[in-house]
K.L.:
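Structure incoming, see below.
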Number of protein chains: 2
Amino acid sequence: MAATLKDIAKKVGLHPATVSRALNPRTAHLVNPATVAKVRKAASSLNYVPNPMASGLRTSRSHTIGVVIPDLTNPLFPGMVRGIQDTLSHAGYTPLLVNTDNDPAAEESVIASLSARRVDGFVLATARREHPLLAELATKFPIVLINRISESVQASSVAADEQHGIRLAVEHLCALGHTQIAHLAGPAWSSTGHERQQAFARAMREHGLTPARKPAAVDSWSLEAATKTALSMLDGNTQTTALVCANDQLALGAIIAAKKLRMRCPRDVSVVGYNDMPFMDLVDPPLTSVRVPQHDIGAEAARLLLSLLVEDGTMPVKHVRLTPELMVRSSTAPPQR
Amino acid sequence: MAATLKDIAKKVGLHPATVSRALNPRTAHLVNPATVAKVRKAASSLNYVPNPMASGLRTSRSHTIGVVIPDLTNPLFPGMVRGIQDTLSHAGYTPLLVNTDNDPAAEESVIASLSARRVDGFVLATARREHPLLAELATKFPIVLINRISESVQASSVAADEQHGIRLAVEHLCALGHTQIAHLAGPAWSSTGHERQQAFARAMREHGLTPARKPAAVDSWSLEAATKTALSMLDGNTQTTALVCANDQLALGAIIAAKKLRMRCPRDVSVVGYNDMPFMDLVDPPLTSVRVPQHDIGAEAARLLLSLLVEDGTMPVKHVRLTPELMVRSSTAPPQR
DNA sequence: CGTGGTTGCGCAATCGATTGCGTACGCCGG
DNA sequence: CCGGCGTACGCAATCGATTGCGCAACCACG
């Protein structure tokens with residue numbers, strides 16, 4: 001059905017090998033330019049499309065990249081995925097997307113199946129701060145971590161500048177007049193949770209403030225966990241006037257908790273989120289949030305991985321940090337005293 | 001590096017062909033059970049993983065499926081994608097996910113690149129009511145349409161029962177006492193837009209009502225377009241007390257338009273959405289919306305496609321309609337008269 | 001005219017798995 | 001003991017593209 005090199009060869013009266021070289025930009029210089037032109041014309045007239053399985057078999061490169069996401073239905077990730085796809089596809093690579101549901105066992109199995117597919121590399125958004133599985137994976141494949149990073153893994157990464165993002169949030173609250181600010185922290189096993197907590201402590205110090213209370217950390221990035229934790233943070237606590245949350249789900253949970261306690265946001269407590277997921281401008285109240293450049297994170301990660309693939313020599317590990325910005329909305333206001 | 005059939009063959013003293021047969025469940029019966037066991041043991045001791053490019057080259061089946069989505073950042077789709085993935089991966093297939101940005105030119109190019117990858121079939125969420133490209137694709141590949149369908153394409157499909165969904169919305173509004181109900185319709189080129197509009201007209205007739213005004217249709221599924229259209233619908237129109245919107249983005253746009261006109265939702269106008277995207281319970285006001293079973297739609301589509309792949313004989317075209325349910329929240333209330 | 005270097009291209013092996021065909025062997029009944 | 005049959009397995013071709021090797025033709029130069 002589909003045309004092959006042999007068909008083209010027959011049509012132009014050349015050997016398939018010559019046709020192969022003529023059609024491959026990297027080897028076309030070995031072939032007479034006039035011949036190349038003839039071959040090109042024949043190829044397009046036959047609607048020739050190279051068979052990636054055949055070339056992959058020979059070269060043992062599949063031109064596919066495994067993209068491992070904890071949960072695609074978390075609106076943070078589709079933007080990154082699109083950034084990855086846009087960049088990879090321009091380079092002739094195809095992403096193979098999988099979910100792990102934040103489950104390490106599922107992660108191991110999807111990584112195994114992607115390896116079985118002979119992907120050329122990985123982009124992973126599932127890193128934990130301690131992550132032996134990825135540490136080992138990094139020894140066998142080119143990999144790039146996104147969003148969540150891991151110092152225990154010897155690999156390049158692309159993420160938001162958490163320090164900067166949290167500082168924007170704290171500065172904003174200070175400028176509004178808040179002094180009693182607390183942090184609703186993400187899970188400590190996640191770099192994002194950990195770094196944002198550290199960043200919060202530092203930003204508060206920089207402003208000469210002490211946190212309104214010790215940070216409370218949720219055990220998962222879910223709205224339900226956040227609601228529970230925020231309830232225990234806010235209950236009977238009239239001091240705290242502002243909450244910096246480690247992501248938007250936590251912020252939404254905090255707002256729900258506040259409502260349950262008959263506190264109003266932002267009147268009684270200001271809340272800042274992180275990530276600025278879609279529609280956060282339409283929730284009640286519209287959420288002030290730190291916007292991370294999702295598409296850029298994905299695109300940059302893909303670019304990094306592509307350069308790893310060409311430089312089979314060990315390119316130095318590179319940690320890219322992209323700058324977030326603060327979207328100020330109505331979940332923050334001056335404290336009512 | 002990786003073990004091959006030949007390595008196993010050498011280890012157990014058999015021919016690679018025999019090993020291949022022993023390891024393939026479909027042909028294992030041709031081999032002595034004792035031999036099969038021996039081969040299996042050797043395979044696992046060598047960590048043998050079959051090379052999909054080699055087997056694909058020989059069999060000309062890639063065990064990959066193209067999944068074509070208009071826009072992954074639209075929260076409607078990730079749920080479907082996950083349903084597709086969950087089902088396909090259990091069957092040993094890998095989805096290849098691409099976006100089209102609702103752009104027909106982009107669609108053509110991504111379909112071309114998936115064909116170049118030699119996918120075994122397609123799941124498409126990009127159908128228009130007239131869609132020559134897909135009609136032609138259906139003659140060359142097994143395909144299944146999801147969410148949006150197309151009568152001009154000879155292919156199976158899985159979608160929500162729009163008739164039922166819209167009826168739920170209209171019934172709910174009637175039960176609240178509304179009689180002046182209008183429809184904010186989606187683009188007519190989309191089956192979802194078209195069917196929901198038809199369904200609205202019929203549901204109104206069934207309740208002995210006439211629409212408060214002719215349906216106004218947006219030209220794209222975007223919040224911005226919806227805001228503009230809803231503004232012109234509601235401006236100077238004090239009759240209409242309720243709006244059935246063709247999806248959630250349109251509903252959000254309608255709410256924004258109402259606010260701009262100093263109408264309050266639900267006090268002055270009730271609004272019903274469609275799809276029930278994530279976080280629609282947290283927008284202001286919490287949106288009453290028709291929930292479609294996203295995961296099930298994806299899973300069922302994948303199942304349908306898989307059965308198309310085994311029955312290379314022409315399985316009859318099948319149109320599956322899954323039943324939506326209404327999530328009642330606070331964007332609907334009895335009319336204030 | 002002979003030598004050396006370059007250019008253009010063909011040959012054939014190779015990647016790993018699959019599969020049609022052939023054959024050896026064992027078992028059975030006659 | 002022989003013919004017939006079925007089971008278990010090997011052989012070799014095949015899928016389509018890539019690539020090391022080498023041949024032949026060509027040019028230039030001494």
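Every chain is numbered from 1 and lettered A, B, ... according to where its sequence line falls, protein lines coming before strand lines. Computed from heavy atoms alone, side chains included, the values below leave out hydrogens, waters and symmetry copies.
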K.L.:
Ignoring the backbone of A/S20, work out which of D/dT19, C/dT19, C/dG16 is nearest its side chain.
P.N.:
D/dT19

K.L.:
Among D/dC9, D/dC15, D/dT19, find the nucleotide with the atom closest to the side chain of B/T18.
P.N.:
D/dC9

K.L.:
Under 3.5 Å, is there a donor-acceptor pair between the A/R128 and A/S190 side chains?
P.N.:
no

K.L.:
Counting heavy atoms from C-beta on, name the nucleotide in D/dC15, D/dA12, C/dG16 closest to the side chain of B/H15.
P.N.:
D/dA12

K.L.:
Answer yes or no: is there a donor N or O on one side and an acceptor on the other, between the side chain of B/N99 and the main chain of B/L72, under 3.5 Å?
P.N.:
yes

K.L.:
Restricting to non-hydrogen atoms, name the atom on A/H319 and the atom on A/A155 that form the minimum distance, rounded to 0.1 Å.
P.N.:
CE1-O, 3.3 Å

K.L.:
Atom NZ of B/K10 to atom P of C/dG16: distance rounded to whole Å?
P.N.:
11 Å

K.L.:
In this structure, how many angstroms lie between the C1' atom of D/dC11 and the CG atom of B/L5, rounded?
P.N.:
15 Å

K.L.:
Is it the case that the side chain of A/D7 and the backbone of A/T4 share a donor-acceptor pair, with hydrogens and angles ignored and the cut-off at 3.5 Å?
P.N.:
yes

K.L.:
Quick one: B/R117 CZ to D/dG16 P, roughly how many Å, whole number?
P.N.:
18 Å

K.L.:
Which heavy atom of B/L5 sits nearest to which heavy atom of B/P16, and what is that distance?
P.N.:
CD1-O, 4.1 Å

K.L.:
Would you say B/H131 and B/E107 are linked by a side-chain donor-acceptor pair, where the criterion is simply a distance under 3.5 Å?
P.N.:
yes

K.L.:
In Å and rounded to the nearest 0.5 Å, what is the CG to OH distance from B/L309 to B/Y93?
P.N.:
4.5 Å

K.L.:
Pairs under 3.5 angstrom, nitrogen or oxygen only, protein versus nucleotides 20-24 of chain D, please.
P.N.:
unit_1: D/dG20; atom_1: O6; unit_2: A/R21; atom_2: NH1; d: 3.4

K.L.:
Under a 4.5 Å cut-off applied to non-hydrogen side-chain atoms, are B/V153 and B/L137 in contact?
P.N.:
no

K.L.:
Which residues within residues 28-40 of chain A lie with some heavy atom under 4.0 Å of an atom in DNA chain D?
P.N.:
none

K.L.:
Parallel, tilted or perpendicular for A/F141 and A/F122, by the 30°/60° rule?
P.N.:
perpendicular

K.L.:
Could you pull out the closest heavy-atom pair between B/S150 and B/L145, with the gap in Å?
P.N.:
N-CD1, 3.7 Å

K.L.:
Once you apply a heavy-atom cut-off of 4.0 Å, does A/R26 come out as touching a base, just sugar-phosphate, or nothing?
P.N.:
sugar-phosphate

K.L.:
Side chains of B/S45 and B/K11: any donor to acceptor distance under 3.5 Å?
P.N.:
yes

K.L.:
Is the terminal nitrogen or CZ of B/R129 (NZ for Lys, CZ for Arg) located under 6.0 angstrom from the six-membered ring centre of B/W189 and within 45° of that ring's axis?
P.N.:
no

K.L.:
Whole angstroms only, please: what is the CG-P distance between B/L23 and C/dT19?
P.N.:
14 Å

K.L.:
Let's see if you can work this out: which of C/dT19, C/dC15, D/dT19 has an atom nearest to the side-chain heavy atoms of A/L57?
P.N.:
C/dC15

K.L.:
Return the value, rounded to whole Å, for the distance between atom CZ of A/R118 and atom P of C/dC15.
P.N.:
14 Å

K.L.:
Expressed as a whole number of angstroms, how long is the span from B/D7:CG to C/dA17:P?
P.N.:
9 Å

K.L.:
With the threshold set at under 4.0 Å for non-hydrogen atoms, list the residues of residues 41-52 of chain B touching DNA chain C in residue-number order.
P.N.:
B/Y48, B/P50, B/N51

K.L.:
Rounding to a whole Å, what distance do you find between A/K6:NZ and C/dA12:P?
P.N.:
14 Å

K.L.:
May I ask you to verify if any side-chain N or O of A/R61 is less than 4.0 angstrom from the OP1 or OP2 atom of C/dC15?
P.N.:
no

